[in-house]
Protein chains: 2
Amino acid sequence: MHTEQIVTILRNEGHRVTPQRIAIIDYLIHTEDHPSAENVHAIVKKRYPMVSLSTVYKTLDLLRQKKLVNEIEVEGEARFDAHVDDHINLVCLSCGKIEDIDENLLKNIQSKVAKRSEYVIIKASFELHGYCNKCKSKYQ
Amino acid sequence: MHTEQIVTILRNEGHRVTPQRIAIIDYLIHTEDHPSAENVHAIVKKRYPMVSLSTVYKTLDLLRQKKLVNEIEVEGEARFDAHVDDHINLVCLSCGKIEDIDENLLKNIQSKVAKRSEYVIIKASFELHGYCNKCKSKYQ
DNA sequence: AGTATTATTAGGAATTATTCCTATTAAAGT
DNA sequence: ACTTTAATAGGAATAATTCCTAATAATACT
């Protein structure tokens, strides 16, 4: 997905396209990080110093609602990611780094659970917590 | 797992066994709910009105560290569960109800990811979000 | 291009779950 | 029983997020 595609989707659904929104989308599309709202704010402010944290929160929430970004909660903090296909998030308990891993068993699991439970499933979130390559030596 | 077993584990590891801790463990062992810290506090206070919320937090944290309870984060709030084997948590986006589902594919996924990534994996968390049987009619 | 409409924004205050602090209490080893 | 010190109660502090509102600016319509 490209910035322009997301912008077009928003515009087509009646949302206004502001420089703040473009900057936020553009950053998320081009990073491998899984930034927090605060991280996004810090980055976007370099280009648009006037952008407020509350706008960042509102925009991230809009994008999440439209399923254009994925949100996961890590240690009491929301982290965002433009990778919206189902995947596993590997979360480092030491440095907070998040790595994505695609895994096609996830689809099987979802359809199995959908059949077995009475829930209507909207969203999946698969996380594995541990220590990344850089941090694992510190913890044995 | 029974209350007494958990109590014994704590005692053997040098932790003191207080009535507050017993009450908290006992509630978690016997409920199917996935209560928040506040919920646990409310329930435990019925029997021990003097028990403080900070003690509940500390005890839940101790139990989590010892892997005697599982903690998941739902909408900015921690929820606790004495079901510690890997399972899928089905979370209702409307009423917050959480249902557990066992699924043996989870083990496969974990071992695959462990091989493929450079992370040392400590903990898994699999959540599916949607609407439970009672709430789904409201949302189509 | 100019104007009107109203969604969006900036900035800060309010909220809320959680953690921190510390004098007091009580579990457990002797 | 006495001693040691982990654990507790209660409230203050913290931090992520949401809420509030006047000002701004994106879009639609002339």
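Reminder, nothing fancy here: chain letters follow the sequence lines and each chain counts from 1.
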**Student:** Starting from P on C:dA27, measure out to CZ on B:Arg21 and report it in whole angstrom.
**Tutor:**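 It works out to 11 Å between those atoms.
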**Student:** Can you find a side chain N or O atom of A:His15 that sits less than 4.0 Å from OP1 or OP2 on C:dA7?
**Tutor:**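 Answer is no, no contact under 4.0 Å.
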**Student:** Any idea which of C:dG12, D:dG10, D:dT8 is nearest the A:Ser54 side chain?
**Tutor:**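 It is C:dG12.
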**Student:** Any salt bridge linking A:Glu13 with A:Arg11? Criterion: basic side-chain nitrogen under 4.0 Å from a carboxylate oxygen.
**Tutor:**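 Between A:Arg11 and A:Glu13 there is no salt bridge, as every charged N stays at least 4.0 Å from the carboxylate O atoms.
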**Student:** Figure out the CE/C1' separation between A:Met50 and C:dT8, and round it to whole Å.
**Tutor:**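 About 14 Å, once rounded to whole Å.
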**Student:** With nearest nucleotides of DNA chain C determined for A:Lys58 and B:Glu75 from heavy-atom distances, which residue corresponds to the more 5′ nucleotide?
**Tutor:**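 On the 5' side of the pair lies A:Lys58.
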**Student:** Name the closest nucleotide to the A:Tyr57 side chain, picking from D:dA9, D:dA16, D:dT8.
**Tutor:**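 Ranking D:dA9, D:dA16, D:dT8 by closest atom to the A:Tyr57 side chain puts D:dA16 first.
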**Student:** Record whether the side chain of B:Arg16 comes under 3.5 Å of the base of C:dA28 through a donor-acceptor pair of N or O atoms.
**Tutor:**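 Flag unset: no donor-acceptor pair detected.
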**Student:** Looking only at the side chains, is there a donor atom on one of B:Asn89 and B:His87 sitting less than 3.5 Å from an acceptor on the other?
**Tutor:**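 There is such a pair between these side chains.
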**Student:** If I take atom CG in residue B:Leu62 and atom C1' in nucleotide C:dT19, what distance separates them, rounded to the nearest angstrom?
**Tutor:**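 B:Leu62 atom CG is separated from C:dT19 atom C1' by 16 Å.
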**Student:** Which of these nucleotides, D:dG10, C:dT8, D:dA16, is closest to any side-chain atom of B:Ser52?
**Tutor:**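 Comparing D:dG10, C:dT8, D:dA16 against the side chain of B:Ser52, the answer is D:dG10.
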**Student:** Between A:Arg64 and A:Asp61, is the closest basic N to carboxylate O distance under 4.0 Å?
**Tutor:**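 Yes, this pair counts.
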**Student:** Which nucleotide in the set D:dT27, C:dT19, D:dA26 lies at the smallest distance from any side-chain heavy atom of A:Arg11?
**Tutor:**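 Nearest to the side-chain atoms of A:Arg11, counting from C-beta on, is D:dT27.
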**Student:** Quick one: do B:Arg79 and B:Glu73 make a salt bridge, cutoff under 4.0 Å?
**Tutor:**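 No, B:Arg79 and B:Glu73 are not salt-bridged.
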**Student:** Write down the distance between CG (B:Asn39) and C1' (C:dA17), rounded to a whole number of angstrom.
**Tutor:**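 To the nearest whole Å, that distance equals 13 Å.
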**Student:** Nearest whole angstrom, please: distance from the C1' of D:dG10 to the NE2 of B:His41.
**Tutor:**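 One finds 10 Å between C1' of D:dG10 and NE2 of B:His41, rounded.
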**Student:** Nearest whole Å is fine: how far is C:dT15 C1' from B:Glu38 CD?
**Tutor:**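 Computing the B:Glu38:CD to C:dT15:C1' distance gives 13 Å.
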**Student:** Do A:Tyr27 and A:Ile98 share a hydrophobic cluster (ILVMFWY, side-chain heavy atoms under 4.5 Å, transitive)?
**Tutor:**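 No, A:Tyr27 does not connect to A:Ile98 through the hydrophobic network.
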**Student:** Side chain of B:Thr59: nearest nucleotide among D:dT8, D:dG10, C:dT18?
**Tutor:**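 Of the candidates, D:dT8 comes closest.
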**Student:** Closest nucleotide of DNA chain C for A:Thr55 versus for B:Glu71: which of these residues is on the 5' side?
**Tutor:**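 The residue mapped nearer the 5' terminus is A:Thr55.
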**Student:** In whole Å, what is the span from the OH atom of B:Tyr48 to the P atom of C:dT25?
**Tutor:**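 Interatomic distance, OH of B:Tyr48 to P of C:dT25: 19 Å.
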**Student:** I want to check one thing: is the phosphate of D:dA9, taken as OP1 and OP2, less than 4.0 Å away from some side-chain N or O of B:Gln20?
**Tutor:**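 B:Gln20 to D:dA9 OP1/OP2: side-chain N or O found under 4.0 Å.
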**Student:** Between A:Glu77 (CD) and D:dT14 (P), how many Å, whole number?
**Tutor:**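 The distance from CD of A:Glu77 to P of D:dT14 comes to 18 Å, rounded to the nearest Å.
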**Student:** Mind checking if A:Pro19 touches a base, just sugar-phosphate, or nothing, with heavy atoms under 4.0 Å?
**Tutor:**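 Contact class for A:Pro19: sugar-phosphate only.
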**Student:** Check whether any side-chain N or O of A:Thr18 sits under 4.0 Å from OP1 or OP2 of C:dA7, and answer yes or no.
**Tutor:**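 Indeed not, no polar side-chain atom of A:Thr18 lies that close.
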